Amino acid sequence: MSNKEIIESVQFANHQPPPQYVQTDAGQLVTPEFLAFIQQALSGKLAENADTEALDPEVKALAEELSVIHLPAWSSTTSPRTAEPTVTGMKQATRVAEYLVKRGVRVHPDLEEIRWVATPGGPPGAFDTGIHVTKDENGQWPSPDPESFYDFDDIEVTQTDDGAWCAVHPRGLSFEAATKTEAYAGVVDQLRQRIEQARGQQ
């Protein structure tokens with residue numbers, strides 16, 4: 001083992017990250033390069049092709065749409081089946097996009113009928129269901145109020161095996177407390193903070 005590896009292992013044992021490492025919100029130690037890689041992958045901005053700058057703009061636009069696809073809630077007019085909003089993606093999005101462009105498929109913003117909007121302060125795009133909006137009566141895309149992303153009715157409170165109560169909101173928020181009321185109130189406080197922060201950034 002080299003001197004550098006020994007020093008790093010001692011630093012890890014003493015819970016002191018080596019200089020070239022950063023600590024994530026979850027307490028994990030990673031290099032800045034790895035953290036940037038993961039953030040790009042989760043947001044759907046990581047291209048499979050290293051030469052994305054050299055791609056045809058139409059291929060690049062289509063590949064970005066295909067890499068992370070945000071599907072809105074869905075219901076069938078012929079059956080009671082429904083589907084919650086979800087996020088999916090396509091492997092080899094760049095290769096598929098190149099093929100589809102050759103077949104005549106293009107991204108046409110003028111034909112766009114629905115648009116996905118990310119949750120302000122929410123999780124990375126690959127995990128964020130966000131919301132979908134349509135154009136207003138003037139043909140403009142609206143900017144949704146942050147409160148429309150954080151519906152208090154979506155809070156679910158359950159009791160854990162050890163008797164504690166855990167409140168969870170689908171936008172990635174949770175709070176655990178001794179009572180059901182405290183757990184619910186904890187998530188409500190988090191929702192209010194997110195809404196205030198988002199409004200402050202508009």
Side-chain angles (χ1 to χ4, degrees), residues 24-26 35-36 38-47 57 60-77 79-90 93 106-160 164-177 179-202:
T24 67
D25 293 339
L35 185 60
I38 292 299
Q39 288 172 335
Q40 284 183 326
L42 293 177
S43 65
K45 294 179 181 175
L46 185 66
K60 190 173 181 180
L62 186 55
E64 288 174 357
E65 291 289 333
L66 295 174
S67 62
V68 178
I69 304 168
H70 298 88
L71 296 174
W74 174 86
S75 60
S76 173
T77 55
S79 75
R81 294 179 58 193
T82 61
E84 294 294 320
T86 189
V87 182
T88 186
M90 183 175 288
R106 300 291 187 276
V107 175
H108 284 288
D110 294 342
L111 301 178
E112 193 175 8
E113 297 178 7
I114 188 170
R115 178 172 288 183
W116 179 76
V117 181
T119 303
F127 297 102
D128 180 15
T129 54
I131 62 172
H132 286 79
V133 296
T134 55
K135 291 181 179 179
D136 60 23
E137 60 275 6
N138 299 318
Q140 301 298 313
W141 293 103
S143 297
D145 186 288
E147 194 166 342
S148 60
F149 293 88
Y150 295 107
D151 190 344
F152 287 32
D153 292 338
D154 291 337
I155 299 173
E156 292 187 7
V157 185
T158 56
Q159 193 167 24
T160 62
W165 288 89
C166 184
V168 177
H169 190 278
R171 297 291 180 190
L173 302 173
S174 64
F175 192 88
E176 191 171 305
T179 68
K180 186 175 183 179
T181 304
E182 289 174 329
Y184 181 86
V187 170
V188 168
D189 286 341
Q190 292 177 2
L191 291 173
R192 285 182 178 147
Q193 289 173 18
R194 284 271 184 96
I195 292 167
E196 289 173 6
Q197 289 172 0
R199 284 179 176 158
Q201 293 171 1
Q202 285 184 334

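For this chain, numbers begin at 1 and follow the sequence in order. Everything numeric in this text was worked out from a predicted model, so none of it was measured.
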A.B. asks: Does any part of the side chain of P170, heavy atoms only, come nearer than 4.5 Å to the side chain of T129, both counted from C-beta?
C.D. replies: no
A.B. asks: Between V87 and V68, does a side-chain contact (heavy atoms from CB on, under 4.5 Å) hold up when you go through it step by step?
C.D. replies: CA-CA 7 Å; V87 182; V68 178; 3.7 Å; yes
A.B. asks: Is it the case that atom CD in E156 sees more than 12 heavy atoms from other parts of the structure closer than 6.0 Å?
C.D. replies: no
A.B. asks: Would you give the length of the straight line joining atom CD1 of I69 to atom CD of E64, rounded to the nearest 0.5 angstrom?
C.D. replies: 13.0 Å
A.B. asks: Take C166 and V157 through the test side-chain contact (heavy atoms from CB on, under 4.5 Å) and record every step on the way to the result.
C.D. replies: CA-CA 6 Å; C166 184; V157 185; over 6 Å; no
A.B. asks: Can you tell me how far the OH atom of Y184 sits from the CD1 atom of I155, to the nearest 0.5 Å?
C.D. replies: 4.0 Å
A.B. asks: At what distance, to the nearest 0.5 angstrom, does OG1 of T160 lie from CD of E176?
C.D. replies: 5.0 Å
A.B. asks: State, yes or no, whether a side-chain contact exists between L71 and T88 at a heavy-atom distance under 4.5 Å.
C.D. replies: yes
A.B. asks: As an exercise, state the distance from NE2 of H108 to CD of E112, rounded to the nearest 0.5 Å.
C.D. replies: 12.5 Å
A.B. asks: Who pairs with E196 by salt bridge (charged side-chain N to carboxylate O under 4.0 Å, His left out), at least two apart in sequence or on another chain?
C.D. replies: none
A.B. asks: Under the salt bridge (charged side-chain N to carboxylate O under 4.0 Å, His left out) test, which residues partner E147, sequence neighbours left out?
C.D. replies: R199
A.B. asks: Is there a side-chain contact between E65 and V107 in this structure, where contact means two heavy atoms from C-beta onward sitting under 4.5 Å apart?
C.D. replies: yes
A.B. asks: For W165 and T158, what are the C-alpha separation, side-chain angles and deciding distance, and is it a side-chain contact (heavy atoms from CB on, under 4.5 Å)?
C.D. replies: CA-CA 6 Å; W165 288 89; T158 56; 5.7 Å; no
A.B. asks: Among residues at least two apart in sequence or on other chains, which ones pass side-chain contact (heavy atoms from CB on, under 4.5 Å) with E113?
C.D. replies: none
A.B. asks: Looking at residues at least two apart in the chain, or sitting in another chain, which of them share a salt bridge (charged side-chain N to carboxylate O under 4.0 Å, His left out) with D189?
C.D. replies: R192
A.B. asks: Using side-chain contact (heavy atoms from CB on, under 4.5 Å) as the criterion, list what pairs up with I114, not counting sequence neighbours.
C.D. replies: P72, H132
A.B. asks: Which heavy-atom pair separates D153 from D151 by the least distance, and what is that distance?
C.D. replies: N-OD1, 2.9 Å
A.B. asks: Among all residues two or more places apart in sequence or in another chain, which pass the side-chain contact (heavy atoms from CB on, under 4.5 Å) test with T119?
C.D. replies: D128, F149, Y150, R171
A.B. asks: Enter the distance from L173:CG to D154:CG here, rounded to the nearest 0.5 Å.
C.D. replies: 11.0 Å
A.B. asks: What are the two closest heavy atoms between V168 and V187, and how far apart are they?
C.D. replies: N-CG2, 4.4 Å
A.B. asks: E182 and A177: which non-hydrogen atoms are nearest, and at how many Å?
C.D. replies: CB-CB, 3.5 Å
A.B. asks: Looking at Q190 and S174, would you say the former's side chain and the latter's main chain have a donor-acceptor pair under 3.5 Å?
C.D. replies: yes
A.B. asks: Would H169 and L191 count as a side-chain contact (heavy atoms from CB on, under 4.5 Å) if you check the C-alpha gap in whole Å, the side-chain angles of each, and the deciding distance to 0.1 Å?
C.D. replies: CA-CA 9 Å; H169 190 278; L191 291 173; 3.8 Å; yes
A.B. asks: Might you point out which heavy atoms bring A93 and A63 nearest each other, and give the distance in Å?
C.D. replies: CB-O, 3.7 Å
A.B. asks: Please name the pair of heavy atoms, one in I195 and one in P146, separated by the smallest distance, quoted to 0.1 Å.
C.D. replies: O-CB, 4.2 Å
